[in-house]
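For the single chain, residues carry numbers from 1 onward in sequence order. In this text the structure is predicted, and so the values were computed from the model without any measurement. Reckoned from all heavy atoms, side chains included, excluding hydrogens, waters and symmetry mates.
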Amino acid sequence: MSKNPNFLDPSFSTPYYLVDERLLEINLQILDSVQQKTGCKILLALKGFSMFSTFPLVGKYLHGITASSLYEARLGTEEMGKEVHIYSPSYIPADFDEVLSIADHMVFNSFDQWQRYKGRVQLANDNGRNISCGLRINPEYSEIATPLYNPCYTHSRLGITRDNFQGDDLEGIDGLHFHTLCEQNSDALAHTVPIVDEKFGAFLKNMKWLNMGGGHHITREDYNIQTLISSIEFFQQKYGLQVYLEPGEAIALNTGFLVTTVLDVVHNGMDIALLDTSAACHMPDVLEMPYRPEIIGAGKVDEFEYNYRLGGPTCLAGDIVGDYSFAQLLKIGDRLVFTDMAHYTMVKNNTFNGVGLPSIVRYNETEGMKMVKQFGYADYKNRLS
């Protein structure tokens, strides 16, 4: 890029997330190229990225949002105002009427859920709504290695297996939905397509749409877009379906940063730098996935001269980001910049131990670096009672 935000600008107190809208728009243009070539519709999955100050930009390219709860659906309606799709493993009865007033597409996780609610959906449609309904299927095939993120793992609660699919009771169902990927290239989707077709093709011929879920790493540098296009076109050409994709991570992939400050350096068999950002609070996937995020200017252990373990400010013993090496000694007050910190960070962060939430900053060439949101004691206190 010709211009770069000054991540280390001392007028911005750490920790803070920064999303570079130039990088975000590049991702959106890649996604839009898939839409233009295939006619598929791509939605923003709010579970991965919900920074609504960027929704005007996202909405220029994508068709809307997909939600997993009433609050996500409301956010998409209020801040983007385009298509609203929703899927929940089990809808909350008290929320359902409000969901009906918002959603354009609703996906049900079981025939029991559909039977329980279809009368209310039909009544809403009779009164002027136009809600298209679908069922989530489980093809019982996935190449995800981590069970925590595998929706097709043994005894999964997500979706209807073929053995449990009651194909004679599909009145009012317009589409099917499957989700089998997580941070994967299109070869994993290509392997899934014939399995879905073999198990559920008899039902797809009567459907209007197919949602192929998320987990498509479309904006990754090595992603094979042509294989994705071929998978989309297979279902379009065979069944005449409208195809939907709902990535969250691919939209925000490599667009965000988390800027932190070194608070102290201690020694216990190795040097340990304590930061004002927490793996447990501010980037929980580091512990859940787990994975080791990259830092600008840092390397793997022994790649550079000085090795450090980086840890957070909480009392959790395992609040460790990872081990890194640096070309120079770290000292109190140094700032470090973690990369790829836009997705599954802001949406999953927490205030464990009373640790404050990072501020949210965005960058574009018109406004420069702009503080979008700062958090304080009230944000911690008001979650409690």
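Residue pairs satisfying the side chain to side chain donor-acceptor pair (under 3.5 Å) criterion with at least one member in residues 373-385, sequence neighbours excluded, are listed as follows: T351-R383. For residues 52-90, the ring-ring contact (aromatic ring centres under 6.0 Å, His included) pairs, not counting sequence neighbours, are H85-H105, H85-Y244, Y87-H177. Sorted by first and then second residue, the pairs that involve residues 201-213 and meet side chain to side chain donor-acceptor pair (under 3.5 Å), not counting sequence neighbours, are S132-W209, N211-E246. Applying the ring-ring contact (aromatic ring centres under 6.0 Å, His included) test to residues at least two apart or on different chains, none of the pairs has a partner in residues 330-354.
No more than 12 heavy atoms of other residues, nucleotides or ligands lie within 6.0 Å of CD in E221, so this atom counts as exposed by the packing criterion. The 12-atom threshold is exceeded at CG of D126, counting heavy atoms of other residues, nucleotides or ligands nearer than 6.0 Å. Atom CG of N127 has more than 12 neighbouring heavy atoms from other residues, nucleotides or ligands inside a 6.0 Å radius. Other residues, nucleotides and ligands contribute more than 12 heavy atoms inside 6.0 Å of the CG atom of L384. In the displayed structure, E78 atom CD is contacted under 6.0 Å by more than 12 heavy atoms of other residues, nucleotides or ligands.
Nearest heavy atoms, I86 versus A103: CG2-CB, 3.8 Å. The minimum heavy-atom distance between T345 and Y17, with the atom names listed, is CB-CE2, 3.7 Å. L228 and V34 get closest at one heavy-atom pair: CD2-CG1, 4.0 Å. Taking each heavy atom of S101 and E98 in turn, the nearest pair found is OG-O, 2.6 Å. Closest non-hydrogen pair, F49 versus A342, comes out as CD1-O, 3.5 Å. The minimum heavy-atom distance between L336 and I295, with the atom names listed, is CB-CG2, 4.2 Å.
Looking at D9 and S11, their side chains do bring a donor and an acceptor atom within 3.5 Å of each other. Counted by atom type alone, N125 and Q122 present zero donor-acceptor pairs between their side chains at under 3.5 Å. Side-chain polar atoms of T14 and D276 form a donor-acceptor pair below 3.5 angstrom.
Remark: side-chain polar atoms of N353 are paired, donor with acceptor, to backbone N or O of C315 under 3.5 angstrom. Under the 3.5 Å distance criterion, the side-chain polar atoms of D20 are left unmatched by any main-chain donor or acceptor of T255. A donor-acceptor pair is defined here as one N or O able to donate and one able to accept, closer than 3.5 Å; no such pair exists between the side chain of R22 and the backbone of E365. A donor-acceptor contact shorter than 3.5 Å links the side chain of N350 to the backbone of A280. Looking only at distances, no side-chain donor or acceptor of R292 sits under 3.5 Å from a matching main-chain atom of G322. Remark: side-chain polar atoms of Q184 are paired, donor with acceptor, to backbone N or O of E143 under 3.5 angstrom. Looking only at distances, a side-chain donor or acceptor of N307 sits under 3.5 Å from a matching main-chain atom of D302. Under a 3.5 Å cut-off, the side chain of S186 and the backbone N or O of N224 do form a donor-acceptor pair. In this structure, T180 contributes its side chain and S142 its backbone to no donor-acceptor pair below 3.5 Å. Of the possible polar contacts, none joining the S88 side chain to the S69 backbone as a donor-acceptor pair under 3.5 Å is found.
One finds the OH atom of Y291 at 6.5 Å from the CG atom of D340 (value rounded to the nearest 0.5 Å). Summarising the geometry, atom CG belonging to L287 is positioned 9.5 Å from atom SG belonging to C281; distances are rounded to the nearest 0.5 Å. How far CD of E83 is from CG of D104: 6.0 Å, rounded to the nearest 0.5 Å. Taken to the nearest 0.5 Å, the CD1 atom of I65 stands 7.0 Å off from the CD atom of E72. Rounding to the nearest 0.5 Å gives a distance of 10.0 Å between CZ of R335 and CZ of F12. Rounding to the nearest 0.5 angstrom, the gap separating the NE2 atom in H267 from the CZ atom in R309 is 11.5 Å.
Residue L189 is not grouped with residue L158 when hydrophobic side chains (ILVMFWY) are merged at heavy-atom distances under 4.5 angstrom, including chains of intermediate members. Residues I26 and I42 fall within the same hydrophobic cluster, defined by Ile, Leu, Val, Met, Phe, Trp and Tyr side chains chained together at heavy-atom separations under 4.5 Å. Transitive grouping of hydrophobic side chains (ILVMFWY, heavy atoms separated by less than 4.5 Å) brings M51 and L57 into a common cluster. Linking ILVMFWY side-chain heavy atoms closer than 4.5 Å, directly or via other members, places L24 and L75 in a single hydrophobic cluster. Under the 4.5 Å side-chain contact rule for hydrophobic residues, V361 and V347 do not share a cluster.
Ring-centre distance between Y16 and F257: not below the 6.0 Å cut-off.
The side-chain heavy atoms of L28 and K60, taken from C-beta on, include no pair separated by under 4.5 Å. Contact check for Y324 versus L310: side-chain heavy atoms found under the 4.5 Å cut-off. Between V121 and L100 the shortest side-chain heavy-atom distance falls below 4.5 Å. Here the side chains of S50 and M346 are not in contact, with every heavy-atom distance at 4.5 Å or above. At a threshold of 4.5 Å between non-hydrogen side-chain atoms, the residues Q226 and S230 count as touching. Put simply, the side chain of Y153 does not reach to within 4.5 Å of the side chain of I144, judged on heavy atoms. Counting heavy atoms from C-beta outward, D334 and Q328 have side chains that stay 4.5 Å or more apart.
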Report task. Check step by step if side-chain contact (heavy atoms from CB on, under 4.5 Å) holds for I173 and M207. Result -> CA-CA 8 Å; I173 295 297; M207 298 296 165; 3.8 Å; yes
**Report entry** Criterion side-chain contact (heavy atoms from CB on, under 4.5 Å) on K47 and T66, from CA distance to verdict
**Finding:** CA-CA 8 Å; K47 67 179 181 180; T66 184; over 6 Å; no
Report task. Please test I218 against I30 for side-chain contact (heavy atoms from CB on, under 4.5 Å), starting from the C-alpha separation and ending with a verdict. Result -> CA-CA 8 Å; I218 302 168; I30 293 170; 4.2 Å; yes
Query raised in the report: Hey, mind stepping through L62 and I251 against side-chain contact (heavy atoms from CB on, under 4.5 Å) and telling me if it holds?
Result: CA-CA 10 Å; L62 304 188; I251 290 163; 3.4 Å; yes
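The pair E171-K118 does not meet the salt-bridge criterion, since no charged nitrogen lies less than 4.0 angstrom from a carboxylate oxygen. Remark: R220 does not engage E183 in a salt bridge, criterion side-chain N to carboxylate O under 4.0 Å.
Both tests do not hold together for R116 against F108: distance to the six-membered ring centre under 6.0 Å, angle to the ring axis within 45°.
Using the six-membered ring where Trp is involved, Y117 and F96 have ring planes that are parallel, under 30° apart on the 30 and 60° scheme.
With K37 as reference, I229 is the one residue of D32, I232, I229 to meet the side chain to side chain contact (heavy atoms under 4.5 Å, CB included) rule.
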Side chains of residues 133-140: which donor-acceptor partners sit under 3.5 Å, not counting sequence neighbours?
{"residue": "N138", "atom": "OD1", "partner": "E140", "partner atom": "N", "Å": "2.8"}

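Residues satisfying the side chain to side chain contact (heavy atoms under 4.5 Å, CB included) criterion with R157, sequence neighbours excluded, are P89.
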